[in-house]
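These notes are about the structure you will find just below.
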Amino acid sequence: MKRQQLRKLCLIVSLLLFPITLYYFSPVLILFAGLQGIINGSFIVFILMLVLSIPFGRVFCAYICPAGGLQACLCNVNQKKPAQGWRNRIKYVIWSVWIVAVVLCYLNRTRSLSIDFFFMTEHGISVSAIYGYVIYYGIILLIAVPSLVFGKRAFCHYLCWMAPFMVLGTKLRNLLHLPGLHVAVRSQSCIGCEKCTRSCPMGLDVAQMVKDGKFADSECIQCGACVDVCPRDVLCYTMKGKKEGN
């Protein structure tokens, strides 16, 4: 099976499992758990996102994220490239305020720290009661509406509370000059067909990055769509420490 077919299959499976896994991606549940001194599932998952993004970047967004699966389906409705710029910073503001709230909750906890991965789930299942479906469909709308209005994976660009963990991990890798998965560029082989830009599920101007000879956009999710569609192998996956290739 080709890589992009496998990637899309993984995203669809993740979306179908979302009623089970919802609470393991919940920023709100961490606050409730923190007040009770509990390290819950979403706390552990977000830490794993940060740690694993050091070697693998935002591969979670490309292959595993249920929100990515929903937005992959919605691309058929609105294929417009979402505008970049100040809107991309909204998620960092939301994330920063939330991180402060998480720290305050744990500092003001009512008991000693403990671990309960399945906190507030029913036998590990997130959506098991009527009120759970209300939350579930509310999250679905939160993910779907930006993509329907603004274009390709707009929720990822503007509102996602998970993306900053992986952006931070990638920046930490670059700061420490550690090897990690990224797309390298061999600009001299480019024929300017711009298939890379058209294939990008994040709506990034890949052709311009190729022209500039570097691939350093923090919104890149290392999905490999541009790598797979390039007729001249201008782009390639690499784990080498050097960030850009020529």
Scanning both residues in full, the closest heavy-atom pair of W98 with I30 reads CZ2-CD1, 3.6 Å

- Query: Checking H157 side chain against E219 main chain: does a donor-acceptor pair fall under 3.5 Å?
  - Reply: no

**Asked** Any donor-acceptor pair under 3.5 Å linking the side chain of Y137 with the backbone of G132?
**Response** no

- Query: Is there a path from L168 to M166 through hydrophobic residues (I, L, V, M, F, W, Y) whose side chains come within less than 4.5 Å of each other?
  - Reply: yes

- So if you build clusters from Ile, Leu, Val, Met, Phe, Trp, Tyr with side-chain heavy-atom gaps below 4.5 Å, do V102 and I47 land together? yes

Heavy atoms of C226 and C196 approach each other most closely as CB-CB, 3.7 Å

- Are F43 and M162 grouped together when hydrophobic residues (ILVMFWY) are joined by side-chain heavy atoms under 4.5 angstrom apart? yes

Separation between SG (C160) and CD1 (I94), nearest 0.5 Å, reads 9.5 Å

Heavy atoms of C223 and Y63 approach each other most closely as O-OH, 3.4 Å

Salt bridge E194-K211, side-chain N to carboxylate O under 4.0 Å:
no

Donor-acceptor pair, distance only, cut-off 3.5 Å: does the side chain of R109 make one with the backbone of Y106?
yes

* **N/O donor-acceptor pair under 3.5 Å between N78 side chain and C75 backbone** => no

Are F155 and W161 close enough, and set up right, to give a ring-ring contact (aromatic ring centres under 6.0 Å, His included), and what steps lead you there? CA-CA 10 Å; F155 171 79; W161 54 85; 5.7 Å; yes

- Query: Under 3.5 Å, is there a donor-acceptor pair between the side chain of T197 and the main chain of V206?
  - Reply: yes

Margin query: How about NZ on K8, more than 12 heavy atoms from neighbouring residues, nucleotides or ligands closer than 6.0 Å, or not?
Written below: no

Between G151 and P82 the two heavy atoms that sit nearest each other are C-CD, 4.2 Å

Given the rule in the ring-ring contact (aromatic ring centres under 6.0 Å, His included) test, do F117 and Y24 qualify, once you have shown the distances and angles that lead to the verdict? CA-CA 8 Å; F117 189 82; Y24 306 109; 5.2 Å; yes

Practice problem: Determine whether more than 12 heavy atoms belonging to other residues, nucleotides or ligands lie under 6.0 Å from atom OH of Y133. | Solution: no

For P146 and I143 the tightest heavy-atom approach is CD-O, 3.5 Å

Are the side chain of R153 and the backbone N or O of G203 linked by a donor-acceptor pair below 3.5 Å? no

Scanning both residues in full, the closest heavy-atom pair of R186 with D233 reads NH2-O, 2.6 Å

Rounding to 0.5 Å, atoms CZ (R7) and CD1 (I221) come to a distance of 6.0 Å

Does any N or O in the side chain of S189 come within less than 3.5 Å of the main-chain N or O of V234, such that one atom is a donor and the other an acceptor? no

Worksheet item: Is the number of heavy atoms from other residues, nucleotides or ligands within 6.0 Å of CD1 (I130) greater than 12?
Response: no

Co-membership, hydrophobic cluster, residues M49 and I139, 4.5 Å side-chain | yes

Any donor-acceptor N/O pair, S42 side chain to F25 backbone, under 3.5 Å: no

When rounded to the nearest 0.5 Å, the distance separating SG of C190 from CZ of R232 is 9.0 Å

Side chain to side chain contact (heavy atoms under 4.5 Å, CB included) between L235 and V229, worked out | CA-CA 9 Å; L235 302 165; V229 79; over 6 Å; no

* If only atom types and distance count, is the side chain of Q222 paired as donor or acceptor with the main-chain N or O of H182 below 3.5 Å? -> no

Check: Does Y92 belong to the same Ile/Leu/Val/Met/Phe/Trp/Tyr cluster as Y158, with side-chain heavy atoms less than 4.5 Å apart forming each link?
Finding: no

Requested in this report: Give a yes or no answer on whether the side chain of S53 reaches the backbone of F56 with a donor-acceptor pair at less than 3.5 Å.
Outcome: no

